[in-house]
Amino acid sequence: MIKALVILSTLAVFILGGCGVKKEEANQTQAREEQKAPKEMNTKDLPQVTAFQDEATREYMVSTKEVELGYYLLESKNKRFRMIFPDKGKVILSRSSYISENEESIGFNSYDEDNNILFDGKVTYYKGHSFVQDIEVMLEINSGKNDYTGEYHNEENNNNIYLASKKYTFDNIDRKYNFTYGYFGIVKFEEEEDEGIEFSFSYSCKDDDKACNLEEGETKNSAKKIIESISFLSNGKE
């Protein structure tokens, strides 16, 4: 009887121990999967949204964790900055370029089909260029690119942001929705005087045959959300 109890106790320990090992192995496997970059993962295991299902865009995505509703985290290829990115966003390779660790552009767009609103954006990172050290020069260049002659609103959060906006109306286009809201400016890294980002965003109604409620207030809030999320990286760390 005692011998039988000893055998049963040994088997119980073995079984429970085996379960513990399997659970630990499963946890380790899950941890390894979570550490993988999205570009290294199987597409079926990724969020079923454009930012991850589009091959080119997936290269820029940091993780599959949603930062906030409808947004994930994007990192530049030169690993100099991060920002939130819409889940419907798609990087446009023809408008993107990785010149060096000190200069990179990312062009992208995102279509909100429910509201018929097309969001188009481009951010360009600069470091070590003489014009980046002079804010007035950067703003003058930015104004020229956006056909703008007004002032910029300056605000400070983690960075120094200069933001301007303009409504573009295209009278020569035979369209029901012939206007676009544009937001543009620069983001300066407070800790490095020769490091900054130039941005240009626009919002427009995509299809004339669909309802479109394009509101200036909402588009401005959307643009500011992305601009204010920009974080510069130093030696690969935030």
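This is a predicted model, so every value here is computed, not measured. All residue numbers in this chain count up from 1 along the given sequence.
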Check: Val187 and Ile227 side chains under 4.5 Å, non-hydrogen atoms:
yes

CG/Asn109 to NZ/Lys206 distance, rounded to the nearest 0.5 angstrom?
9.5 Å

When you measure from the side chain of Lys188 to the backbone N and O of Glu193, does any donor-acceptor pair fall under 3.5 Å?
yes

Are Glu216 and Lys220 ion-paired here, with the side-chain N under 4.0 Å from a carboxylate O?
no

Step through it carefully: locate the ring centre of Phe179, locate the ring centre of Tyr181, and say whether they are under 6.0 Å apart.
yes

Could you tell me which non-hydrogen atom of Ala51 sits nearest to which non-hydrogen atom of Met61, and how far apart they are?
O-CG, 3.5 Å

Name all residues meeting the side-chain hydrogen bond (donor to acceptor under 3.5 Å, both in side chains) criterion together with Ser200; count only those two or more places apart in sequence or in a different chain, and write none if there are none.
Asn146

Here the disulfide bond (SG atoms under 2.5 Å apart) pairs for residues 153-208, sequence neighbours left out, are Cys205-Cys212

Distance check, rounded to the nearest 0.5 Å: Glu151 atom CD versus Leu139 atom CG?
9.5 Å

So Ile141 and Glu198, do their side chains get closer than 4.5 Å, heavy atoms only?
yes

Do you see a donor-acceptor pair shorter than 3.5 Å between the side chains of Ser76 and Tyr125?
no

I need the Tyr177 OH to Ile117 CD1 distance, nearest 0.5 Å.
10.0 Å

For the OG atom of Ser231 and the CG atom of Leu73, what is their distance to the nearest 0.5 Å?
7.0 Å

Identify, with sequence neighbours excluded, every residue that meets side chain to side chain contact (heavy atoms under 4.5 Å, CB included) alongside Asp207.
Tyr111, Asn116, Asp209, Lys210

Could you check whether any side-chain heavy atom of Phe52 comes within less than 4.5 Å of a side-chain heavy atom of Thr43, counting everything from C-beta outward?
no

Would you mind listing every salt bridge (Lys or Arg N to Asp or Glu O under 4.0 Å) that reaches into residues 97-118, with sequence neighbours excluded?
Arg80-Glu101

Looking at Glu140 and Gly144, would you say the former's side chain and the latter's main chain have a donor-acceptor pair under 3.5 Å?
no

Using the test side-chain hydrogen bond (donor to acceptor under 3.5 Å, both in side chains), find all partners of Glu228 that sit at least two apart in sequence or belong to another chain.
none

Are there more than 12 heavy atoms of other residues, nucleotides or ligands under 6.0 Å from atom CD of Glu68?
yes

Can you tell me if Gln48 has over 12 outside heavy atoms packed within less than 6.0 Å of its CD?
yes

Residue pair Met41 / Thr64, side-chain heavy-atom distance below 4.5 Å
yes

Sorted by chain and number, sequence neighbours left out, side-chain hydrogen bond (donor to acceptor under 3.5 Å, both in side chains) with Ser96 holds for none

As an exercise, state the distance from OG of Ser63 to CD of Glu75, rounded to the nearest 0.5 Å.
10.5 Å

Could you state whether Phe81 and Ile99 fall into the same hydrophobic cluster, counting links through intermediate Ile, Leu, Val, Met, Phe, Trp or Tyr residues with side-chain heavy atoms under 4.5 angstrom apart?
no

Does one hydrophobic cluster hold both Val123 and Val62, with members joined at side-chain heavy-atom distances below 4.5 Å?
yes

Locate the shortest heavy-atom distance separating Asp171 from Asn178; write the atom from each residue and the value.
OD1-ND2, 4.0 Å

Would you say the side chain of Arg175 lies within less than 4.5 Å of the side chain of Phe170, judging by non-hydrogen atoms?
no

So, for Tyr71 and Ser222, which heavy atoms are closest and what is the spacing to 0.1 Å?
OH-OG, 4.0 Å

What closest approach, in Å, do Asn213 and Glu215 show between heavy atoms, and which atom pair accounts for it?
OD1-OE2, 2.8 Å

Quick one about Asn154 and Asn160 (side-chain donor to acceptor, distance below 3.5 Å, no hydrogens or angles considered), yes or no?
yes

Can you list everything that forms a side chain to side chain contact (heavy atoms under 4.5 Å, CB included) with Asp87? Sequence neighbours excluded, please.
Val49, Tyr72

Aromatic ring pairing Tyr152/Tyr148, orientation class (parallel under 30°, perpendicular over 60°, tilted between):
perpendicular

Using a cut-off of 6.0 Å, state whether more than 12 heavy atoms not belonging to Lys166 lie near its atom NZ.
yes

So Met83 and Ile197, do their side chains get closer than 4.5 Å, heavy atoms only?
no

Quick check on the hydrophobic clustering: are Val91 and Leu118 connected, directly or via other members, by side-chain heavy-atom contacts under 4.5 Å?
no

Output all residues satisfying ring-ring contact (aromatic ring centres under 6.0 Å, His included) with Phe108, sequence neighbours left out; order by chain, then residue number.
Phe85, Phe119

Ignoring hydrogens, what is the shortest heavy-atom contact between Thr180 and Ser204? Give both atom names and the distance.
OG1-CB, 3.5 Å

State, with a plain yes or no, whether a side-chain heavy atom of His129 is found less than 4.5 Å away from one of Asp194.
no

Just to verify, which of Leu163, Ile106, Ile226 counts as forming a side-chain contact (heavy atoms from CB on, under 4.5 Å) with Phe199?
Leu163

Using the test side chain to side chain contact (heavy atoms under 4.5 Å, CB included), find all partners of Lys44 that sit at least two apart in sequence or belong to another chain.
Asn42

Once you round to the nearest 0.5 Å, how far does CD of Glu195 lie from CZ of Phe232?
5.5 Å

Check the surroundings of atom CD in Glu155: do more than 12 heavy atoms from other residues, nucleotides or ligands lie under 6.0 Å from it?
yes

Pairs meeting criterion disulfide bond (SG atoms under 2.5 Å apart) with involvement of residues 57-102, two or more places apart:
none

For residues 131-138, which side-chain N or O atoms pair as donor and acceptor with protein atoms under 3.5 Å away, sequence neighbours left out?
| from | atom 1 | to | atom 2 | distance (Å) |
| --- | --- | --- | --- | --- |
| Asp134 | OD1 | Glu136 | N | 3.0 |
| Asp134 | OD1 | Val137 | N | 3.3 |

Nearest atoms (heavy-atom pairs only) where Pro47 meets Gln53:
O-NE2, 3.1 Å

Does any part of the side chain of Asp120, heavy atoms only, come nearer than 4.5 Å to the side chain of Arg95, both counted from C-beta?
yes

Sorted by chain and number, sequence neighbours left out, side-chain hydrogen bond (donor to acceptor under 3.5 Å, both in side chains) with Ser105 holds for Thr124

